[in-house]
A.B. asks: 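Before we start, here is the structure in question, set down as structure tokens.
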Amino acid sequence: MKLVTYESAKSLRLGVVEAGFVVDVEVALGMFAKGRISNPKLAPAVYILREGGDPPRDMMDLLGRGRRYRRALAAITKDLAEAPNPKPKVKGLFTPLALARLRAPIARPAKITCVGLNYADHAREQGIEPPTSPIFFLKSVNTICGPNDAIRLPPNSKQVDYEAEFAVIIGKGGRNIREDRAYEHVAGYMILHDVSARDLQFGDKQWFRGKSCDTFAPCGPWITTADEIPDPHNLRIALTLNGQTMQDSNTSNLIFKVPYLVSFLSHSLTWEVGDLISTGTPPGVGVFRKPPVFLKAGDTASITVENLGTLTNSVVGPS
């Protein structure tokens, strides 16, 4: 299932991408509440969704209701989207995906935890050995923006770089999580662009400011639920800048895998629903190219991760 946050009539709404449409979650749930979904095969799903009470307020609320609820929601939205033409004529139920104004799937995650040097060849392009223990840093919530939003260059940096990454979304909170049970806490995955101001990052001797400028974490275009990604460590990941391929690798090259990352940090902090773990970038970043390549106003960066879609953002100068 592909879960989106999208804008309609100047408000943010939840949707499920099915058959080229965004199916509105609140409208779909309202239909079965009024008895307008009659497929008897959906009775178990309807029961579970009714147990859940009011429609979820936002993505955090939806994720917090658990896998059982999400599976039930997937069943009814799939049934609606695959109905023979004409589809049910209910106002606001369907929006063509091509016309939907997608926003960041999670607007304000409690934690944006990132992993540095998690591809061995990315470490080596910097002239250093791959780490023997994961390196973590945080991005602040003001970095979050969505598909097709502009990456805004800060006025105090001349070396803004691109980094293609895929992110893990926590769907079940917890601490002291065993590695062999880590996937129980994963709701799904999405693309995250870890934009980085290298002159700030390296000049400060630590990474927070250079990683936390406004709009420095475009993400989306949706959350693909974990049931659709049986192995997150076999996905092609690539970034193009103005149509030219700059990064092209596979998540099989991750040094520290998803279960290890979830478990490792849970022995120091408590995971909460909606927390993000951005798993690191492959080689090919701009700062280590000869000559270096940095983002400039007018650029367009697109990240594609196999089975997770494509995230595209333009670049604009300081306001």
A.B. asks: State whether the side chain of Trp222 and the backbone N or O of Leu308 hold a donor-acceptor pair below 3.5 Å, judged by distance alone.
C.D. replies: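 Here the side-chain-to-backbone pair exists.
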A.B. asks: Just do the salt bridge (Lys or Arg N to Asp or Glu O under 4.0 Å) check on Lys257 and Glu179 with the steps written out, would you?
C.D. replies: CA-CA 10 Å; Lys257 310 298 187 185; Glu179 189 173 345; over 6 Å; no
A.B. asks: In chain order, what residues pass the side chain to side chain contact (heavy atoms under 4.5 Å, CB included) check against Val273, with sequence neighbours excluded?
C.D. replies: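 By the side chain to side chain contact (heavy atoms under 4.5 Å, CB included) rule, Val273 matches Leu63.
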A.B. asks: Please collect all salt bridge (charged side-chain N to carboxylate O under 4.0 Å, His left out) contacts where either partner lies in residues 292-302, sequence neighbours excluded, each pair once.
C.D. replies: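 Checked against salt bridge (charged side-chain N to carboxylate O under 4.0 Å, His left out) - neighbours excluded - the pairs reaching residues 292-302 are Lys296-Asp299.
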A.B. asks: Might you point out which heavy atoms bring Phe208 and Ser140 nearest each other, and give the distance in Å?
C.D. replies: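 Closest approach of Phe208 to Ser140, heavy atoms only: CZ-CB, 4.0 Å.
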A.B. asks: Following the transitive rule for hydrophobic clusters with a side-chain heavy-atom cut-off under 4.5 Å over Ile, Leu, Val, Met, Phe, Trp and Tyr, establish whether Leu117 and Phe136 coincide in one cluster.
C.D. replies: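 Cluster IDs for Leu117 and Phe136 differ.
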A.B. asks: Suppose we screen for side chain to side chain contact (heavy atoms under 4.5 Å, CB included). Which residues come up paired with Asn148, at least two apart in sequence or across chains?
C.D. replies: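 With sequence neighbours excluded, Asn148 shows a side chain to side chain contact (heavy atoms under 4.5 Å, CB included) to Thr312, given in chain and number order.
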A.B. asks: The criterion is side-chain hydrogen bond (donor to acceptor under 3.5 Å, both in side chains); which residues satisfy it with Asn313, sequence neighbours excluded?
C.D. replies: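 Checked Asn313 against side-chain hydrogen bond (donor to acceptor under 3.5 Å, both in side chains); zero matches.
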A.B. asks: Kindly write out the residues that satisfy salt bridge (Lys or Arg N to Asp or Glu O under 4.0 Å) with Arg236, not counting sequence neighbours, or none if the list is empty.
C.D. replies: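 Here the qualifying residues are Asp248.
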A.B. asks: With clusters defined by side-chain heavy atoms of hydrophobic residues (ILVMFWY) lying less than 4.5 Å apart, directly or transitively, does Val195 cluster with Val115?
C.D. replies: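 Yes, Val115 and Val195 fall within the same hydrophobic cluster.
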A.B. asks: Does a side-chain N-to-carboxylate-O contact under 4.0 Å join Glu163 and Arg198?
C.D. replies: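 Looking at Arg198 together with Glu163, the answer is yes, because their closest N to O distance falls below 4.0 Å.
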A.B. asks: Determine, step by step, whether Leu80 and Met31 satisfy the side chain to side chain contact (heavy atoms under 4.5 Å, CB included) criterion, reporting the C-alpha distance in whole Å, the side-chain angles of both residues, the deciding distance to 0.1 Å, and the verdict.
C.D. replies: CA-CA 10 Å; Leu80 287 169; Met31 288 182 65; 4.0 Å; yes
A.B. asks: Atom CG of residue position Asp54 - does it have more than 12 heavy atoms of other residues, nucleotides or ligands inside 6.0 Å?
C.D. replies: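 Not buried by this count: 12 neighbours or fewer within 6.0 Å.
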A.B. asks: For Arg108, does the CZ atom sit with more than 12 other heavy atoms under 6.0 Å from it, leaving out its own atoms?
C.D. replies: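 12 or below, so no.
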A.B. asks: Any donor and acceptor pair, going by atom type alone, linking the side chain of Asp58 with main-chain N or O of Met60 inside 3.5 Å?
C.D. replies: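 Yes: the side chain of Asp58 pairs with the backbone of Met60.
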A.B. asks: Could I get the full list of salt bridge (Lys or Arg N to Asp or Glu O under 4.0 Å) partners for Glu272, not counting sequence neighbours?
C.D. replies: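 Testing Glu272 for salt bridge (Lys or Arg N to Asp or Glu O under 4.0 Å), a comparison that skips the adjacent residues, returns Lys111.
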A.B. asks: Between Pro55 and Glu26, which heavy-atom pair has the shortest distance, and what is it?
C.D. replies: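 Here Pro55 and Glu26 meet closest at CG-CG, 4.1 Å.
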A.B. asks: Find out if a path of hydrophobic residues (ILVMFWY) with successive side-chain heavy-atom gaps under 4.5 Å connects Leu241 to Val315.
C.D. replies: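 Linked, Leu241 and Val315 end up in one cluster.
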A.B. asks: Residues two or more places apart in sequence or in another chain: which of them pass side chain to side chain contact (heavy atoms under 4.5 Å, CB included) with Arg152?
C.D. replies: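 Partners of Arg152 under the side chain to side chain contact (heavy atoms under 4.5 Å, CB included) test: Thr215, Val316, Ser319.
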A.B. asks: Determine whether Leu49 and Leu73 satisfy the following criterion, side chain to side chain contact (heavy atoms under 4.5 Å, CB included), listing intermediate values before the conclusion.
C.D. replies: CA-CA 7 Å; Leu49 294 170; Leu73 179 63; 4.2 Å; yes
A.B. asks: Check whether any side-chain N or O of Gln247 sits under 3.5 Å from a backbone N or O of Ala164 as a donor-acceptor pair, and report yes or no.
C.D. replies: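 Yes; at least one donor-acceptor contact below 3.5 Å.
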A.B. asks: Hey, quick one: are Val17 and Ile191 part of the same hydrophobic cluster, counting side-chain heavy atoms closer than 4.5 Å, chains of contacts allowed?
C.D. replies: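 Looking at the clustering, Ile191 is in a separate group from Val17.
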A.B. asks: With side chain to side chain contact (heavy atoms under 4.5 Å, CB included) as the criterion, how do Lys211 and Gln201 come out once you've worked through the C-alpha distance, each side chain's angles and the decisive distance to 0.1 Å?
C.D. replies: CA-CA 7 Å; Lys211 296 283 191 175; Gln201 176 187 356; 4.0 Å; yes
A.B. asks: Not counting sequence neighbours, which residues clear side-chain hydrogen bond (donor to acceptor under 3.5 Å, both in side chains) with Glu165? List them please.
C.D. replies: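 In terms of side-chain hydrogen bond (donor to acceptor under 3.5 Å, both in side chains), with neighbours along the sequence ignored, Glu165 is linked to Ser278.
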A.B. asks: For Thr225, what residues pass the side-chain hydrogen bond (donor to acceptor under 3.5 Å, both in side chains) criterion, not counting sequence neighbours?
C.D. replies: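 Testing Thr225 for side-chain hydrogen bond (donor to acceptor under 3.5 Å, both in side chains), a comparison that skips the adjacent residues, returns Asp227.
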A.B. asks: Begin with the C-alpha distance, continue with both residues' side-chain angles, and end with the deciding distance and a verdict on salt bridge (Lys or Arg N to Asp or Glu O under 4.0 Å) for Glu125 and Arg289.
C.D. replies: CA-CA 9 Å; Glu125 74 176 344; Arg289 289 180 172 268; over 6 Å; no
A.B. asks: Between Ser196, Pro154, Cys145, which is the residue that forms a side chain to side chain contact (heavy atoms under 4.5 Å, CB included) with Phe216?
C.D. replies: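 Testing each of Ser196, Pro154, Cys145 against Phe216, the sole residue satisfying side chain to side chain contact (heavy atoms under 4.5 Å, CB included) is Pro154.
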A.B. asks: Looking at every non-hydrogen atom in both residues, tell me the closest pair between Asp161 and Val285 and how far apart they are.
C.D. replies: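 So the minimum-distance heavy-atom pair works out to OD2-CB, 3.7 Å.
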A.B. asks: Identify the two heavy atoms, one from Ile151 and one from Pro218, that lie closest to each other, and give their separation to 0.1 Å.
C.D. replies: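 Minimum heavy-atom separation between Ile151 and Pro218: CG1-CG, 3.8 Å.
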A.B. asks: Under the side chain to side chain contact (heavy atoms under 4.5 Å, CB included) rule, what do Val287 and Phe202 come out as? Steps first, then yes or no, please.
C.D. replies: CA-CA 11 Å; Val287 70; Phe202 299 145; 4.2 Å; yes
A.B. asks: Can a donor-acceptor pair be found, under 3.5 Å and without considering hydrogens, that links the side chain of Arg13 to the backbone of Ser8?
C.D. replies: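 Checking the backbone N and O of Ser8 against the side chain of Arg13, no donor-acceptor pair under 3.5 Å is found.
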A.B. asks: Under the 3.5 angstrom rule, does the side chain of Asn142 hit a backbone N or O of Ser212 as a donor-acceptor pair?
C.D. replies: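 Flag set: sc Asn142 to bb Ser212 pair under 3.5 Å.
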A.B. asks: Please report the shortest heavy-atom distance between Thr279 and Phe166, naming the atom on each side.
C.D. replies: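 Result for this residue pair: OG1-O, 2.7 Å.
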A.B. asks: Report yes or no: does His193 contribute a side-chain atom to a donor-acceptor pair with the main-chain N or O of Ala217 at less than 3.5 Å?
C.D. replies: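 Not at all, since once roles are kept as given, no pair shorter than 3.5 Å links the two residues.
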A.B. asks: Using the salt bridge (Lys or Arg N to Asp or Glu O under 4.0 Å) criterion, which residues pair with Arg181? Sequence neighbours excluded.
C.D. replies: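 With sequence neighbours excluded, Arg181 shows a salt bridge (Lys or Arg N to Asp or Glu O under 4.0 Å) to Glu184, given in chain and number order.
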A.B. asks: Please check if the side chain of Ser263 supplies one atom and the backbone of Pro259 the other of a donor-acceptor pair under 3.5 Å.
C.D. replies: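 Pair absent, no side-chain N/O of Ser263 close to backbone of Pro259.
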A.B. asks: Between Ser302 and Thr310, is a side chain to side chain donor-acceptor pair (under 3.5 Å) present by the stated rule, with each step listed?
C.D. replies: CA-CA 7 Å; Ser302 293; Thr310 297; over 6 Å; no
A.B. asks: Mind listing the closest non-hydrogen atom pair of Val262 and Trp271 along with its distance?
C.D. replies: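 Residues Val262 and Trp271, closest heavy atoms: O-NE1, 2.9 Å.
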A.B. asks: Transitively linked via ILVMFWY side-chain contacts under 4.5 Å: Phe137 with Leu261?
C.D. replies: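 Different hydrophobic clusters.
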A.B. asks: Tell me whether Gln244 at atom CD has more than 12 heavy atoms from other residues, nucleotides or ligands lying less than 6.0 Å away.
C.D. replies: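 Incorrect, the count does not exceed 12.
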A.B. asks: Tell me whether Asp199 contacts the main-chain N or O of Lys158 through its side chain, where contact means a donor paired with an acceptor under 3.5 Å.
C.D. replies: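 Looks like yes, one N/O pair under 3.5 Å.
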A.B. asks: For Lys139, check side-chain hydrogen bond (donor to acceptor under 3.5 Å, both in side chains) against everything at least two apart and list the hits.
C.D. replies: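 In terms of side-chain hydrogen bond (donor to acceptor under 3.5 Å, both in side chains), with neighbours along the sequence ignored, Lys139 is linked to Asp194.
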A.B. asks: Between the side chain of His233 and the main-chain N/O of Val258, is any donor-acceptor distance below 3.5 Å?
C.D. replies: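 Pair found, side chain donor or acceptor close to backbone of Val258.
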A.B. asks: Distance-only criterion, 3.5 Å: show the donor-acceptor pairs between side-chain atoms of residues 98-107 and protein atoms not counting sequence neighbours.
C.D. replies:
unit_1 : atom_1 : unit_2 : atom_2 : d
Arg101 : NH2    : Asp149 : OD1    : 3.0
Arg103 : NH1    : Glu7   : OE1    : 2.5

A.B. asks: Judged by atom type as modelled, is there a donor-acceptor pair below 3.5 Å linking the side chain of Thr77 to the main-chain atoms of Val23?
C.D. replies: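 Such a contact is absent between Thr77 side chain and Val23 backbone.
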